[in-house]
Every structure is written in C-alpha cells, then in structure tokens.
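To keep things clear, I will list the structure first and then write my remarks on it.
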Amino acid sequence: MTEMENDNVLTSTQIVIDEALRKLGYGDEMVDLLKEPMRMLAVRFPVRMDDGKTRVFIGYRAQHNDAVGPTKGGVRFHPGVNEAEVKALSIWMSLKCGIADLPYGGGKGGVICDPRKMSFRELERVSRGYVRAISQIVGPTKDIPAPDVMTNSQVMAWMMDEYSRIREFDAPGFITGKPLVLGGSHGRESATARGVAIMIDEAMGKLGIPLQGTRVVIQGFGNAGSYLAKFMYDAGAKVIAISDVHGALYNEQGLDIADLMDRRDSFGTVTNLFKSTISNEELLALECDVLVPAAIENQITASNADRIRAKIIVEAANGPTTLEATRIVTDRGILLVPDVLASAGGVIVSYFEWVQNNQGYYWTEEEVDAKLRLMMVRGFENVYEVHRTKKVDMRLAAYMVGVRKLAEAVRLRGWV
Ligand SMILES: NC(=O)C1=CN([C@@H]2O[C@H](COP(=O)(O)OP(=O)(O)OC[C@H]3O[C@@H](n4cnc5c(N)ncnc54)[C@H](O)[C@@H]3O)[C@@H](O)[C@H]2O)C=CC1
Ligand SMILES: O=C(O)CCC(=O)C(=O)O
C-alpha cells in the first residue's frame with residue numbers, strides 16, 4: 001500500500017457507487033441515499049468468560065437498503081472488525097444480491113473478537129450474546145445473517161437457537177449456513193468456492209484457456225480458499241500455491257490438496273505445519289494463470305499490482321484489491337472478476353436455504369448446484385457485457401449491474 005493510497009474500504013466503495021449510479025443516470029439524491037447503509041446498529045454486550053470474569057464485546061449490524069426486500073449478509077468474528085468495514089461489506093452485499101437478482105438488499109455484521117483465543121463455550125456465549133443484542137432489527141423477513149470470516153455452521157446453529165428462544169418459535173429462516181439437520185441447505189458450506197470455480201471457468205473461457213493444467217494460486221485456506229483448491233484440483237487444474245495468515249506453501253508441480261484439507265484446522269490454518277514456506281507477498285507475485293485472493297481486504301495494492309503475474313484475478317475475498325490496484329492490473333490487461341460478482345455463490349445458496357426453510361421442502365445437492373450455476377453464469381454474462389459495451393473496468397461494470405435493480409426499486413417506491 002502506498003502512502004497516498006486509500007485503504008478505507010468504505011470510501012473506495014462510495015467512489016465506485018457514485019460513478020455507477022451516475023453512469024446509470026441517477027443524481028445526487030440517489031447517491032446520497034445509497035452511499036451509506038440506511039441503518040447501522042452498534043452494540044456492546046457482556047459475556048461471562050471461562051475464568052468467571054465478564055468481558056464486554058463490541059458488535060455491529062449494518063443494513064444497507066431494504067427497498068428490494070429484507071437485508072442479507074454474513075457475520076464476521078475478527079479482531080479487525082470496525083464500523084467502516086461493516087458498512088462497506090453491507091453495501092457489497094446489496095451489489096451481490098443485485099447481480100444475482102435475489103429479492104434482498106445487503107446487510108452485514110461483525111463482532112470485534114478473536115475466536116482463535118476463545119474456548120468452544122466462550123464462542124457460544126459470544127454468538128448468543130450478539131444475537132440478543134441485535135434481535136430487534138433482525139429476523140426472517142427483516143434481515144437474515146449468515147457465516148463469514150471465522151464464523152461457521154456451529155455459530156449459525158447457536159444464533160438460530162438463541163433467536164428462536166427470544167421469539168418463542170422455531171425460526172430456521174432467521175439465519176443461513178446452518179448445519180443440515182437444523183434446516184441448512186446442501187451445498188451452502190462450499191457454495192462460495194463453487195461460485196468462484198464457475199467464475200474461473202467463465203473467465204478462462206473468455207480468454208480461450210482450458211482449465212485442465214491451469215496453474216492456480218490461492219491466498220487463504222479457510223472456507224472459501226480450501227474448497228476452491230479442492231474444486232480446482234478435481235477439475236484438473238494445478239494448485240501451485242496456497243496460503244493462510246502465517247505464510248504460503250508453493251510447489252510448481254502442484255500441491256496435494258486432499259492432504260492439506262485433512263490437516264488444516266477449523267480456522268483455515270495449515271502452513272504452520274510445514275518448514276519450507278514463502279510469504280503471502282511472494283505468493284501474490286507468483287507466475288500463474290489464475291490468482292484468487294480468498295482471505296481479507298487490501299491485499300493487492302498499488303505497491304504490488306505491478307508484480308502480479310497472473311492472467312486472471314478472481315476475487316473470492318471481499319475487497320482484496322484497492323481501486324488504484326484495480327486500475328493498474330486492468331491497464332496491464334489482466335482480467336479481474338470482482339468480489340461482488342465472484343463471491344456471490346455464498347449468498348445465492350443462502351437464498352436457496354431461506355427459500356427451502358420458508359417452504360419446508362428441501363432440495364438435493366444436484367438441484368442446488370444446477371441453480372447456482374445458472375445464476376452465477378448469468379451474473380458473469382451481464383457484468384461482462386456492460387464491461388465490453390460501456391468500456392468500463394469489470395469492477396465498475398459489476399457495480400452498475402449490482403446497483404441498478406436497487407436504485408430502480410428505491411425510485412419506484414418513491415423514496416428518491
Ligand atoms: N464464507 C463465506 O460464505 C464467504 C466468504 N467471503 C469472503 O471470503 C474471504 C474468506 O472468508 P472465509 O474463507 O469464510 O474465512 P475463513 O475465516 O474461513 O478463512 C480465512 C482464511 O484467510 C487466512 N488469512 C487471514 N488473514 C490473512 C492474512 N493477513 N494474509 C493471508 N491469509 C490470511 C486465514 O488464515 C484463513 O486461511 C473473506 O473476505 C470473506 O468475506 C465472501 C463470500 C462468502
Ligand atoms: O450467505 C450470505 O447470506 C452472505 C455471505 C456473505 O457474507 C458474503 O457474501 O460476503
């Protein structure tokens with residue numbers, strides 16, 4: 001990151017939202033409404049820790065806009081959670097829902113905490129405490145949470161149970177990403193990665209490169225990154241490098257993904273088991289066909305964008321590339337599939353889970369996968385078409401496609 005570069009994910013999102021809305025013909029009032037969430041709740045809640053002491057946690061829930069329908073999006077447990085990040089993440093959720101044409105607006109939540117330093121029971125109490133703190137503004141027809149960084153199906157199960165107790169009815173549609181036995185959907189756990197794999201396939205198709213033998217580099221080996229590595233390996237691609245928060249593993253002949261999946265922990269950590277590692281910075285600069293940032297924000301910046309040696313960047317993570325880096329890699333002819341398109345698979349299958357909960361009728365994994373593919377491919381085609389015909393970069397094209405249904409709904413409701 002250079003000194004001049006903007007690493008505030010909210011302000012950089014606002015720059016692109018502004019540009020997208022103006023290109024679609026909207027003026028100041030629409031920009032003013034959609035550049036921030038319509039609602040942002042900050043909460044402090046006490047949790048009794050295992051040592052008997054009480055610790056106060058800070059959490060957030062942002063609801064970007066509900067003109068299209070209830071808001072939807074994950075909950076992040078991470079020490080770096082902050083207000084601006086949660087706001088930006090909620091705007092990105094609106095864009096994902098718009099691109100996939102889901103009947104939702106965007107929402108997102110977070111708690112400042114580090115689950116790696118908490119016991120199982122402490123994690124449960126934080127999950128339940130957060131739901132109690134935000135319970136007035138969430139619900140199956142208001143705002144539907146889901147997993148994100150360092151939250152998983154067990155956390156969703158506790159949250160669903162807590163909400164059901166508060167409301168005094170069984171409410172599986174309150175949250176998605178639940179375990180199967182509690183009304184979860186087939187395919188949700190690997191949905192983000194499945195969607196990214198479909199995007200890689202589409203992007204490679206545009207460049208006329210076959211997937212077989214393709215060299216793939218993945219930053220992050222958690223929910224998104226590890227399943228993606230598996231899908232790429234199964235499809236005949238060569239995953240030559242993966243990483244986690246501690247470092248990266250690299251083998252030009254291809255890594256043994258099944259073995260790494262077996263050995264990673266529940267936080268997506270595995271490289272600490274190996275002696276010979278490279279840094280995340282070195283991983284990003286490896287020569288490859290496809291580079292997938294699948295960890296955290298602001299990884300590809302003006303400081304390293306010149307060193308990227310991939311043909312395609314597919315953003316599984318939210319916000320991994322800064323605006324300046326987007327310009328640099330686009331100018332260098334690298335095809336970038338932006339986060340709000342590439343990582344929409346998670347919320348798409350979450351939508352399927354919510355639909356199944358609402359109708360009480362459950363689909364097979366094959367049905368889920370087939371419907372997911374249709375939506376992801378349609379999203380890609382729509383974004384690529386705007387990129388091609390309007391001669392804008394893929395990120396701006398995705399924002400234009402993502403925000404147009406929302407802006408239209410706001411206008412038709414007479415809000416602006
Ligand atoms: N889980 C989901 O359904 C979805 C996740 N995403 C995004 O994908 C990204 C990853 O999410 P998950 O896989 O769910 O999280 P996770 O918590 O399961 O895994 C995160 C991975 O990133 C690594 N990591 C963390 N900090 C790092 C750093 N500074 N440098 C390198 N690696 C680092 C961790 O060690 C871990 O391997 C996030 O940006 C998330 O918002 C997007 C859509 C849906
Ligand atoms: O599954 C969902 O509802 C939301 C997933 C999410 O948080 C994301 O796409 O960033």
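The shown structure was predicted, so the numbers you read here are calculated from the model rather than taken from an experiment. Order of appearance sets the numbers: ligands from 1, and atoms from 1 within every ligand. The figures that follow rest on heavy atoms only: side chains count, while hydrogens, waters and symmetry mates do not.
- The protein heavy-atom contact nearest to atom 28 (C) of ligand 1 is Ile296 CD1, 3.9 Å.
- Each of Glu365, Glu353, Gln356 was scored for a side chain to side chain donor-acceptor pair (under 3.5 Å) with Ser185, with one residue passing: Gln356.
- Taking only non-hydrogen atoms, the option from Lys96, Lys72, Arg76 nearest to atom 9 (O) of ligand 2 is Lys96.
- Set against the non-hydrogen atoms of Met150, the atoms of ligand 1 under 4.0 Å away are 17 (O).
- Interatomic distance, CD1 of Ile17 versus NE2 of His64, reported as 5.5 Å (0.5 Å rounding).
- No side-chain heavy atom of Ile137 sits under 4.5 Å from any side-chain heavy atom of Lys142.
- Set against the non-hydrogen atoms of Gly268, the atoms of ligand 1 under 4.0 Å away are 35 (O), 36 (C), 37 (O).
- In this pair, Phe77 and Tyr130 present their aromatic rings perpendicular. The plane angle is above 60°, beyond the 30 to 60° band.
- Of all protein heavy atoms, the one closest to atom 26 (N) of ligand 1 is Val245 CG2, 3.8 Å.
- Atoms CG and OG1, on Leu323 and Thr301 in that order, are 12.0 Å from each other to the nearest 0.5 Å.
- Under 4.0 angstrom from ligand 1, there are no non-hydrogen atoms of Glu297.
- Atoms of ligand 1 lying under 4.0 Å from any heavy atom of Ala316, numbered from 1 in the order shown and given with element: 6 (N), 7 (C), 8 (O), 42 (C).
- The protein atom (non-hydrogen) at minimum distance from atom 22 (O) of ligand 1 is Ala295 CB, 3.4 Å.
- Protein heavy atom nearest atom 30 (N) of ligand 1, with residue, atom name and distance: Asn280 ND2, 3.8 Å.
- Of the possible donor and acceptor atoms, none in the side chain of Gln219 sits under 3.5 Å from a partner among the backbone N and O of Ala295.
- Taking a cut-off of under 4.0 Å to the non-hydrogen atoms of Lys108, the atoms of ligand 2 that pass are 6 (C), 7 (O), 8 (C), 10 (O).
- For ligand 1 and Ala317, the ligand atoms under 4.0 Å from any heavy atom of the residue are 7 (C), 8 (O), 9 (C), 39 (O).
- The protein heavy atom nearest to atom 21 (C) of ligand 1 is Gly222 N, 3.8 Å.
- By the 3.5 Å distance cut-off applied to N or O atoms, Asn318 is counted among the residues near ligand 1.
- The contact set between ligand 2 and Val347, taken as ligand atoms under 4.0 Å from a residue heavy atom, comprises 1 (O), 2 (C), 3 (O).
- Protein heavy atom at the shortest distance from atom 3 (O) of ligand 1 is Thr192 OG1, 2.9 Å.
- Using a 4.0 Å cutoff on heavy atoms, Arg188 counts as a contact of ligand 1.
- Counting protein heavy atoms only, atom 11 (O) of ligand 1 is closest to Val149 CG2, 3.8 Å.
- Residue Ser343 holds the heavy atom nearest to atom 43 (C) of ligand 1 of all those in Gly247, Ser343, Gly74, Ser350.
- The proximity of Asn318 to ligand 2, defined as any non-hydrogen pair under 4.0 Å, is limited to the side chain.
- Against a heavy-atom cut-off of under 4.0 Å, Lys96 is close to the following atoms of ligand 1: 42 (C), 43 (C).
- Taking every heavy atom of Ala224 and a limit of under 4.0 angstrom, the matching atoms of ligand 1 come to 13 (O).
- Contact of the Glu189 side chain with the Tyr227 side chain is registered, since non-hydrogen atoms from C-beta on lie closer than 4.5 Å.
- For atom 1 (N) of ligand 1, the nearest non-hydrogen atom from the set Asn152, Asn223, Asp244 belongs to Asn223.
- Within the 4.0 Å heavy-atom cutoff, His246 does not count among the residues contacting ligand 1.
- Backbone and side-chain nitrogen or oxygen atoms of Ala294 are examined, and none is located within less than 3.5 angstrom of a nitrogen or oxygen of ligand 1.
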Checking Arg373 against Asp369 for the salt bridge (charged side-chain N to carboxylate O under 4.0 Å, His left out) test, could you report, in this order, the C-alpha distance in whole Å, the side-chain angles of both residues, the deciding distance, and whether it holds?
CA-CA 6 Å; Arg373 175 169 291 278; Asp369 282 352; over 6 Å; no
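- Here the straight-line distance linking atom CD1 of Ile91 with atom CG of Asn318 works out to 12.5 Å at 0.5 Å rounding.
- Residue Tyr399 forms a side chain to side chain contact (heavy atoms under 4.5 Å, CB included) with just one option from Ile15, Asp393, Val16, and that option is Val16.
- By the criterion of a heavy-atom distance under 4.0 Å, neither the backbone nor the side chain of Ala191 is placed next to ligand 1.
- Atom 40 (C) of ligand 1 has Asp148 OD1, 3.3 Å as its closest protein atom, hydrogens excluded (heavy atom only).
- Heavy-atom contacts of Gly346 reach the following atoms of ligand 2: 1 (O) (cutoff under 4.0 Å).
- The contact set between ligand 2 and Gly74, taken as ligand atoms under 4.0 Å from a residue heavy atom, comprises 4 (C), 6 (C), 7 (O).
- A cation-pi arrangement, defined by a distance under 6.0 Å to the six-membered ring centre and an angle within 45 degrees of its axis, is absent between Arg188 and Phe352.
- Distances from ligand 2 to the non-hydrogen atoms of Gly177 include no value under 4.0 Å.
- In this structure the side chain of Phe267 never reaches within 4.5 angstrom of the side chain of Val245, judged on heavy atoms.
- Of the N or O atoms in Ala146, none lie within a sub-3.5 Å distance of an N or O in ligand 2.
- Of all protein heavy atoms, the one closest to atom 1 (O) of ligand 2 is Ser350 OG, 2.6 Å.
- Each of Val314, Ile242, Val196 was compared with Leu228 under the side chain to side chain contact (heavy atoms under 4.5 Å, CB included) criterion, and only Val196 meets it.
- Within the 4.5 Å cutoff, the side chain of Arg215 has no heavy atoms near those of the Leu286 side chain.
- Looking only at protein heavy atoms, the nearest one to atom 5 (C) of ligand 2 is Arg188 NH2, 3.9 Å.
- Summarising the local packing, NZ of Lys405 is surrounded by more than 12 heavy atoms from other residues, nucleotides or ligands at distances under 6.0 Å.
- At a threshold of 4.5 Å between non-hydrogen side-chain atoms, the residues Val368 and Val349 count as touching.
- Interatomic distance, Leu21 CG to Met30 CE, rounded to the nearest 0.5 Å: 7.0 Å.
- Ring geometry, Tyr384 versus Phe380: the interplanar angle falls under 30°, so the pair is classed parallel (tilted spans 30 to 60°).
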